Amino acid sequence: MSTAPGSFLLERLHAAGLTDVTAVEPATGGLAATAGLARRGDGTSVFVKAFSEPPSDDVFATEAEGLTVLREAGGISTPDIILADRDVLVLSTLHPRPTTETFWEQFAHALAHLHTTTRHPRFGWHQDNWLGRRRQINTWTDDGYDFFAQHRLLRWLTEPRVQEALGPADRAALERLCDRLPDLLPPSAACLTHGDLWAQNVMSTLDGQPALIDPAVSYTWAEVDLAHLWTTAPPPEAHAFFDLYADLTDLDPDWRNRMPILQLRQHLAVIAQFTPDWGAADIVRTTLTPFRPRPKAQPNRHHTTPAPEPTT
């Protein structure tokens, strides 16, 4: 980007008609887009983000739709949409989440409610949307294993960075894992999911209630959200969240063992979009290890066959 982030966002806001914005303070934590807190002439602030080169005309429209459906169908707090066009997304402001176990217990109830009250007979969404700068494929599918295999795992194998990071043996192991998904994961219904639920996307309303940002929604397994949060370093105060969520949703005791497989989708997405990949490729290879063919036993090179006894 040729201009400073604050100036870039200010230009985008003014071009979109928000001419009362006087300054923009860049925000930290986002990975795909440039974001900041914009101050308006009346003293209020709004959150804004933009891409220097938008990956598509619908990237912010689909994000705004995701925020709306999480709030209206799932009953979970999200920011209000002020503006969503091709070049800029403007939202009401949220607050950093409290560093308390009570907050995460409230979030366990909110996420369990989202997942248990939005069941759907099929997997997918009525349109594709976006995970960072890559399109998320949401083609309607009747079978959850097929949906997860085709549109959440194997879909990433054509990405150039993934092809560079994972060799033929890795890709073959991923295909074997996908073939075995019905043996590895219990059957589960589809429900509305956030789709990009790492800890940085969990925030707070003014009155301290959990709120979510940056969704990539679809109807799929609830454990996809759980796995993302479980494997992306949630803070220590989130410890109580997982056991409470499991109790509220009747998860079986083996749920923790499934998390690495479900989280493959997000690790592959990170490899596809970012350099460095923060160890994602190493994690993928480790998870795929049991699905590699075992090397054939080699003959003992030090063993010699005794010479036959001489005949008389």
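Values below: all heavy atoms of this structure, side chains included; hydrogens, waters and symmetry mates excluded. As the structure is a computational prediction, the values presented were derived from the model and not from experiment.
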Check whether [X] reaches the backbone of [Y] with its side chain - one donor and one acceptor, N or O, closer than 3.5 Å.
X: D128; Y: I137; result: no
X: D170; Y: G167; result: yes
X: E237; Y: W104; result: no
X: Q136; Y: A216; result: yes

For the pair [X] and [Y], find out whether any cationic side-chain nitrogen is under 4.0 Å from an anionic carboxylate oxygen.
X: K49; Y: E63; value: yes
X: R285; Y: D282; value: yes
X: D85; Y: R12; value: no

(message) Once you measure the plane-to-plane angle for F107 and F103, does it fall in the parallel (<30°), tilted (30-60°) or perpendicular (>60°) bin?
(response)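 F107 vs F103 ring planes: parallel.
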(message) Can you tell me how the ring of Y245 sits relative to the ring of F241, calling it parallel under 30°, perpendicular over 60° and tilted otherwise?
(response)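 Taking F241 first and then Y245, their aromatic rings lie parallel (interplane angle under 30°).
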(request) Using the rule that two of Ile, Leu, Val, Met, Phe, Trp, Tyr join whenever any of their side-chain heavy atoms come within less than 4.5 Å, decide whether I261 and L153 are in one cluster. (result)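 Per the 4.5 Å side-chain linkage, I261 and L153 are co-clustered.
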(request) Tell me whether L131 is reachable from V270 by hopping between hydrophobic residues (I, L, V, M, F, W, Y) whose side-chain heavy atoms are closer than 4.5 Å. (result)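 No; L131 is not reachable from V270 via cluster members.
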(request) Check the pair Y145, W221 against ring-ring contact (aromatic ring centres under 6.0 Å, His included), reporting the backbone distance first and the verdict last. (result) CA-CA 10 Å; Y145 298 113; W221 295 320; 5.5 Å; yes
(request) Tell me whether the centres of the aromatic rings in H120 and W140 are closer together than 6.0 Å. (result)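 Yes, the ring centres sit under 6.0 Å apart.
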(request) Assert yes or no for the condition that the ring centre distance of F60 to F51 is strictly below 6.0 Å. (result)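 Between F51 and F60, which both carry aromatic rings, the centre distance is below 6.0 Å.
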(request) Mind listing the closest non-hydrogen atom pair of P26 and G6 along with its distance? (result)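 Minimum heavy-atom separation between P26 and G6: CG-N, 3.8 Å.
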(message) When you compare the side chains of D225 and H115, does any donor N or O come within less than 3.5 Å of an acceptor on the partner?
(response)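 H115 and D225 do have a side-chain donor-acceptor pair below 3.5 Å.
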(request) Using distance alone, with no hydrogens and no angle criterion, decide if S218 and R152 have a side-chain donor and acceptor under 3.5 Å apart. (result)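 Per modelled atom types, S218 and R152 side chains form a pair under 3.5 Å.
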